[in-house]
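Indexing begins at 1, ligand by ligand and atom by atom, following the structure's order.
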Amino acid sequence: MERKRLEDYAEDIYTCNRTRCGFCREQCPVYHVKVYETYSCRGKMLVGRGLIEKTLSPFEEMAQILDHCLLCGLCQARCALHNLDIITSMRREMVRRGFSTPVHRENVQRILTEGHLLDIRTAPKRQGQIPLYVGCVYRSKPRELATALSVLERLDIHPLIGDETCCGYIVDATGFDKEFEEVQEQLKNTYQQFEAPEILTLCPTCTITLREKYGLPVKHAIVAVAEQLHKKQGIVKSLGFRATYHDPCHLGRMLGVFAEPREILRHLGIQLVEMENNRYFSTCCGGGGGVNAVDPELSLEIAKNRVRDAIRVDVEIITTVCPTCEPTLLRAAGRLAGELGTFVDVQSLWDLLDKALQ
Ligand code: SF4
Ligand code: SF4
């Protein structure tokens, strides 16, 4: 299918160039660290105009700057334009014109040849009643996957797991248009559940990709957990500590799943304290959009800023429900502990459920 090209967004880009309101810049996690206009969405819109009008020719550093975007969508939440589509179309333009970051090329090649982004350490086929798409990250984390499956089973949700290949989010997000079509074909040929009425997922990024790029009827498993806990009142013990919840960008801002994780925390007897940036305006953990692959130091600084949000509200634990956010924030919490002498633990909501259901 022919995708929109950068010039198709000319009207949006010119609107931004004329307005230059800068609302997108206020909370952009990348801009906050880099403090350089081109890293903000407003700055990228100027680059877009230069590319459309051919007053700018692509060059290596331009491609690198475009790769320094988390695709977190916070700019789009504060703007009336198609910001994410524009940024990804600029990335596609760069790849088409021969500029791409080697680490992204390697990852794309790996997905095309092996079917997965990461080292697969568990291939958990199992019979069950409702299909579950596991995703590359959980397939590389046997303990975390076993915990989530155990929680689901204890709540009478019986997942069926079969063969699958990568959903291809990172291929699409980094601008490899043609390759993404091949990855889509690969998944369609491997995955047997394209006709299923509902498919559970564990990773927010897989969830949005399967929904938007494949049209599949997906539901993040944590939503199913909230529904079961609502029906089965009183089956969890109270954990009783103060925690804050970090909304993963794809699950929260993009899929609208805000209430269910918070309901679960209430069931677990956790005193939920909100960070300043929460729900629709939550800030990214630093792990999105392929930034971690091209600039791990930037990713870490962004994650540290998110952990600082939690430190400011004085909680013992940050919990979240994304296999990328959790390790990204935990690494930052460890670094900050060394710098500030204050440690906030980061725990998956699956781990909290596992403790409370025993
Ligand atoms: S991208 Fe949107 S919010 Fe940012 S300067 Fe342009 S019009 Fe304003
Ligand atoms: S998507 Fe996120 S990181 Fe990228 S420009 Fe917008 S706010 Fe900044």
Original post:
Can you list the ligand 2 atoms lying under 4.0 Å from a non-hydrogen atom of Val30?
Top reply: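 This gives 3 (S) as the contact atoms.
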**OP:** Any atoms of ligand 2 less than 4.0 Å from a non-hydrogen atom of Leu84? List them with their elements.
**Re:**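 Those of ligand 2 that fall under 4.0 Å from Leu84 are 1 (S).
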**OP:** Look at the rings of Tyr280 and Phe258 and say which category their plane angle falls in: under 30° parallel, 30 to 60° tilted, over 60° perpendicular.
**Re:**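 If you compare the ring of Tyr280 with that of Phe258, the planes turn out perpendicular.
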**OP:** Would you sort out whether Lys231 and Asp156 count as a salt bridge (Lys or Arg N to Asp or Glu O under 4.0 Å), showing the intermediate values?
**Re:** CA-CA 11 Å; Lys231 286 186 211 155; Asp156 288 332; over 6 Å; no
**OP:** Go through the side-chain N and O atoms of Arg154 and Ser150 and say whether any donor and acceptor fall under 3.5 Å apart.
**Re:**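 Present: a donor and an acceptor within the cut-off.
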Original post:
Does a donor on one side chain sit under 3.5 Å from an acceptor on the other, for Arg139 and His116?
Top reply: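 Looking only at side-chain atoms, His116 and Arg139 do not form any donor-acceptor pair under 3.5 Å.
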Identity and distance of the protein heavy atom lying nearest [atom]:
| atom | result |
| --- | --- |
| atom 2 (Fe) of ligand 1 | Cys79 SG, 2.3 Å |
| atom 4 (Fe) of ligand 1 | Cys24 SG, 2.4 Å |
| atom 6 (Fe) of ligand 2 | Cys75 SG, 2.3 Å |
| atom 3 (S) of ligand 2 | Leu70 N, 3.4 Å |

Original post:
Has Gly22 got any heavy atom lying under 4.0 angstrom from an atom of ligand 1?
Top reply: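 Yes; Gly22 lies near enough to ligand 1 that a heavy-atom distance drops under 4.0 Å.
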Original post:
Atoms of ligand 1 less than 4.0 Å from Cys21 heavy atoms?
Top reply: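 So the atoms of ligand 1 that pass are 3 (S), 5 (S), 7 (S), 8 (Fe).
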**OP:** Considering the heavy atoms of Arg42, write down every atom of ligand 1 situated less than 4.0 Å from one of them.
**Re:**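 This gives 5 (S) as the contact atoms.
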**OP:** For atom 2 (Fe) of ligand 2, decide whether Cys284 has an N, O or S atom at a distance under 2.8 Å.
**Re:**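 Within the cut-off used here (under 2.8 Å), Cys284 places no N, O or S atom near atom 2 (Fe) of ligand 2.
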Original post:
Considering only heavy atoms, does Asn83 approach ligand 1 within less than 4.0 Å through its side chain, its backbone, both, or neither?
Top reply: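 The part of Asn83 near ligand 1 is the side chain, not the backbone.
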Original post:
Does ligand 2 have any atom that is closer than 4.0 Å to a heavy atom of Leu71?
Top reply: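 Right, Leu71 reaches ligand 2.
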Original post:
Does Asp351 pair with Arg143 as a salt bridge, N-O distance under 4.0 Å?
Top reply: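 Here Asp351 pairs with Arg143 in a salt bridge, since their nearest N and O are under 4.0 Å apart.
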